[in-house]
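Since the structure comes first, as structure tokens, the remarks are kept for the end.
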Amino acid sequence: MVRLYLFTCLLLIPLTSQASDVLIKTLSSTGQGFLYKNESECYVVTPSHVIGGNQQVTLLTADRKKHTAIKFHEFDVDLSLLKVTSSPSPCVENHTPINKLSTILTVVSNGELQTKLDDASTLRTPITVVGIDANEFLSIKPLDPDRPFKQGFSGSILYIANSISGILIEVDGDYGYIYRYDALEEHLKAFFGISDDKKSVDLKPQSHNGLLAEDQIVEFQLELQKNSPIEIISNK
């Protein structure tokens, strides 16, 4: 007998490269940020300390194009919103965050920190999550101690299960501190007045029950949502 249960479904669907995202340069510092589109305007989210007292910064995107942005808003955490002033806009569509990050973190501890370099390529640093704050923060360490977090990494994007999960706020020795994307998203929604009018979906277990002969194939269709984990249990 083979049973398929649908829980919250962890489908590792590759993201498009629309937002992993930008290298930020000021007169005195370098950092990272990700693009965020609201209506027809394009913004960048980055740690506030990356831009410091600068009111205008230069952005470098994955297509090696440079853009300008101005400081637009500062949140009550170490995060700021920049507004892109150059044209054409580098924004395409926003990241799709993973569903129920807290649940995923109970079974997944590894991820990848993505950092934009001076040549517009992306440095990918495998990491492990070593600390979890249920509300706002994660602490991480590089899996390879010979590939430590460096200056200029602030604002790098954390991916878990191929989905955005947070932004690097601070590096302290071997540790990096991540502001969770689900917490950041609440700040963005409140600032832009975005209401979550999507109805939640009740994902009831879907199962196929029955005896299968050896080498028998049975078709079974599941209704899944993007970034939803599945569990397959086989009982012989």
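Only a predicted model underlies this, so the values are computations on that prediction, with no experimental measurement involved. In this chain, residues are counted from 1 in sequence order.
- Side-chain contact between Asn110 and Pro126 is absent, with no heavy atoms from C-beta onward closer than 4.5 Å.
- At a threshold of 4.5 Å between non-hydrogen side-chain atoms, the residues Glu136 and Val77 count as touching.
- Within the 4.5 Å cutoff, side-chain heavy atoms of Ile140 are placed close to those of Phe149.
- Atom CD1 of Ile167 and atom CG of Asp78 lie 9.5 Å apart (nearest 0.5 Å).
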Requested in this report: Check the pair Thr125 / Phe153 against side chain to side chain contact (heavy atoms under 4.5 Å, CB included), numbers first and verdict last.
Outcome: CA-CA 11 Å; Thr125 306; Phe153 275 31; 4.2 Å; yes

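- Looking at heavy atoms from C-beta onward, Leu188 lies in side-chain contact with Val45 at the 4.5 angstrom threshold.
- Side-chain contact between Tyr159 and His95 is present, with heavy atoms from C-beta onward closer than 4.5 Å.
- Rounding to the nearest 0.5 Å gives a distance of 4.5 Å between CZ of Phe192 and CG of Leu81.
- Ion pairing of Asp118 with Lys25 is present here, as a side-chain N (NZ or NE/NH1/NH2) and a carboxylate O approach within less than 4.0 Å.
- A distance-only check finds no donor-acceptor pair linking the side chain of Asp174 to the backbone of Pro145 [under 3.5 Å].
- Residue Tyr175 qualifies as open at atom OH: its count of foreign heavy atoms under 6.0 Å is 12 or below.
- Nearest heavy atoms, Glu74 versus Lys71: OE1-NZ, 3.0 Å.
- Under a 3.5 Å cut-off, the side chain of Ser165 and the backbone N or O of Ser163 do form a donor-acceptor pair.
- Atom CG of Asn54 is separated from atom OG of Ser80 by 11.5 Å, given to the nearest 0.5 angstrom.
- In this structure, CG in Asp182 is found 11.0 Å from CG in Asn99, a value given to the nearest 0.5 Å.
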Requested in this report: For side chain to side chain contact (heavy atoms under 4.5 Å, CB included), just list the numbers for Val50 and Val57, CA-CA rounded to whole Å, side-chain angles, deciding distance to a tenth of an Å, and then say yes or no.
Outcome: CA-CA 10 Å; Val50 168; Val57 303; over 6 Å; no

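- Considering every non-hydrogen atom in both Leu59 and Ala69, the closest pair reads CD1-CB, 3.9 Å.
- A single hydrophobic cluster is not seen to contain both Leu60 and Val44; linkage of ILVMFWY side chains at heavy-atom distances under 4.5 Å, directly or through other members, places them apart.
- Here the OG1-CG distance, from Thr30 to Leu117, works out to 11.0 Å after rounding to the nearest 0.5 Å.
- Here the rule is side chain to side chain donor-acceptor pair (under 3.5 Å) with His67, and of Ser89, Ser86, Ser87 only Ser86 fits it.
- Tyr177 and Ile164 are assigned to two separate hydrophobic clusters, defined by single-linkage of ILVMFWY side chains at heavy-atom distances under 4.5 Å.
- Residue Phe34 forms a ring pair (Phe, Tyr, Trp, His ring centres under 6.0 Å) with just one option from Tyr179, Tyr43, Tyr181, and that option is Tyr181.
- At distances below 3.5 Å, at least one donor-acceptor pair connects side-chain atoms of Gln32 with backbone N or O atoms of Lys116.
- Residues Leu23 and Leu168 do not share a hydrophobic cluster, clusters being chains of Ile/Leu/Val/Met/Phe/Trp/Tyr side chains in contact below 4.5 Å.
- Ring geometry for Phe75 versus His187: interplanar angle of 30 to 60°, hence tilted.
- Val107 is connected to Leu158 through a chain of hydrophobic side-chain contacts under 4.5 Å among Ile, Leu, Val, Met, Phe, Trp and Tyr, so both are in one cluster.
- Checking side-chain atoms of Thr46 against main-chain N and O of Gly33 turns up no donor-acceptor pair under 3.5 Å.
- Proximity of a side-chain donor or acceptor of Arg180 to a complementary backbone N or O of Asp133 within less than 3.5 Å is detected.
- A continuous path of Ile, Leu, Val, Met, Phe, Trp and Tyr side chains, each step under 4.5 Å between heavy atoms, connects Leu123 with Ile178, placing both in one hydrophobic cluster.
- At distances below 3.5 Å, not a single donor-acceptor pair connects side-chain atoms of Ser29 with backbone N or O atoms of Thr26.
- In this structure, Ile70 and Gln55 have side chains that are not in contact, with every pair of non-hydrogen atoms separated by 4.5 Å or more.
- Within the 4.5 Å cutoff, the side chain of Glu185 has no heavy atoms near those of the Ile194 side chain.
- Heavy-atom contacts from other residues, nucleotides or ligands closer than 6.0 Å to NZ of Lys189 number more than 12.
- With contacts defined as side-chain heavy-atom distances shorter than 4.5 Å, the pair Pro90/Lys65 does not qualify.
- Rounding to the nearest 0.5 Å places CD1 of Ile127 at 8.0 Å from CG of Leu138.
- Looking at Ser48, its side chain does come within 3.5 Å of a backbone N or O of Leu79 through a donor-acceptor pair.
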Query raised in the report: What's the verdict on side chain to side chain contact (heavy atoms under 4.5 Å, CB included) for Cys91 and Val84, showing C-alpha distance, side-chain angles and the deciding distance?
Result: CA-CA 9 Å; Cys91 284; Val84 179; 5.5 Å; no

